[in-house]
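For reference, the structure is listed below as structure tokens.
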Amino acid sequence: MEITGFDFTATDWDDVPVERHPGETGEALWRTRTFGPIRVRRVDYTPGYLADHWCRKGHVLFVLEGELVTTLDDGRVVTTRAGSSYQVADDREAHRSAAPAGARLLIVD
């Protein structure tokens, strides 16, 4: 990842407008900032959230609160708890997110 083209910026995530993205069940609430080519999001998954798609985008994802259950296209299931992260490159393992009890994430891509 190359980080270029913008000055130091602090973000109060509570001041960033919410974008609602419905899942197959539940909802993902995105607060998004873009810095040059880098997108940074605080995402809240409502309890019972299940993504309506398989994602092939690369991410660095950190769980701030709750627990994220990620199913990979090869059948593996990975649980990421608060204080933990996962990383995946673009066009690698497709993944699908679920948050049975809800979760808050910070995602950089």
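Being a predicted model, the structure only gives us computed values, none of them experimental.
Here the two rings, on His21 and Trp30, have centers that are under 6.0 Å apart.
Classification of Arg42 and Asp14 as a salt-bridged pair holds, one side-chain N sitting under 4.0 Å from a carboxylate O. Between Asp109 and Lys57 no salt bridge is recorded (no basic side-chain N to carboxylate O distance below 4.0 Å). A salt bridge does not link Glu65 with Arg81: none of the charged nitrogens is closer than 4.0 Å to a carboxylate oxygen.
Counting all heavy atoms, side chain and backbone alike, Thr70 lies closest to Ser97 at OG1-OG, 4.4 Å. Across all non-hydrogen atoms, the minimal contact from Tyr45 to Ala99 is CB-CB, 3.7 Å. In this structure, Asp52 and Gly23 approach most closely via the heavy-atom pair CB-C, 3.9 Å.
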| request: Walk me through it: do Asp15 and Trp13 pass the test side chain to side chain contact (heavy atoms under 4.5 Å, CB included)? | output: CA-CA 5 Å; Asp15 290 340; Trp13 290 102; over 6 Å; no
| request: Just do the side chain to side chain contact (heavy atoms under 4.5 Å, CB included) check on Ile3 and Ile38 with the steps written out, would you? | output: CA-CA 7 Å; Ile3 301 175; Ile38 297 173; 3.3 Å; yes
| request: Show your working on side chain to side chain contact (heavy atoms under 4.5 Å, CB included) between Leu29 and Glu19 and close with a plain yes or no. | output: CA-CA 6 Å; Leu29 308 174; Glu19 302 169 42; over 6 Å; no
| task | Report the C-alpha separation of Tyr86 and His59 in whole Å, then their side-chain angles, then the decisive distance to 0.1 Å, and conclude whether the side chain to side chain contact (heavy atoms under 4.5 Å, CB included) test is met. | result | CA-CA 8 Å; Tyr86 77 67; His59 313 286; 4.2 Å; yes
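Taking the six-membered ring where the residue is Trp, Phe6 and Phe35 present tilted rings, their angle falling between 30° and 60°.
The side-chain contact (heavy atoms from CB on, under 4.5 Å) test with Leu61 singles out one residue from Leu68, Val43, Leu106, and that residue is Leu68.
Side-chain atoms of Arg104 do not come within 3.5 Å of backbone N or O of Asp44 as any donor-acceptor pair. The main-chain N or O of Val69 is never found under 3.5 Å from a side-chain atom of Thr71 such that the two would form a donor-acceptor pair. When atom types are taken as modelled, the side chain of His53 and the backbone of Ala51 share no donor-acceptor pair closer than 3.5 angstrom. At least one donor-acceptor pair closer than 3.5 Å links the side chain of Thr46 to the backbone N or O of Glu27. Not one N or O on the side chain of Arg41 forms a donor-acceptor pair closer than 3.5 Å with the backbone of Thr32. Using modelled atom types, one side-chain atom of Thr25 and one backbone atom of Gly48 make a donor-acceptor pair closer than 3.5 Å. Although no hydrogens or angles enter the test, the distance criterion places a donor-acceptor pair under 3.5 Å between the side chain of Arg56 and the main chain of Asp91. At least one donor-acceptor pair closer than 3.5 Å links the side chain of Asp90 to the backbone N or O of Gly58.
Criterion: ILVMFWY side-chain heavy atoms under 4.5 Å apart, direct or through other members. Under it, Val108 and Val63 are not part of a common hydrophobic cluster. In terms of hydrophobic clustering, with Ile, Leu, Val, Met, Phe, Trp and Tyr side chains grouped at heavy-atom distances under 4.5 Å, Ile107 and Tyr49 are assigned to a common cluster.
In summary, the side chains of Arg33 and Thr11 do present a donor paired with an acceptor at a separation below 3.5 Å, with no hydrogens or angles considered.
For the pair His95/Arg76, no side-chain contact is recorded, criterion being any heavy-atom separation below 4.5 Å from C-beta on.
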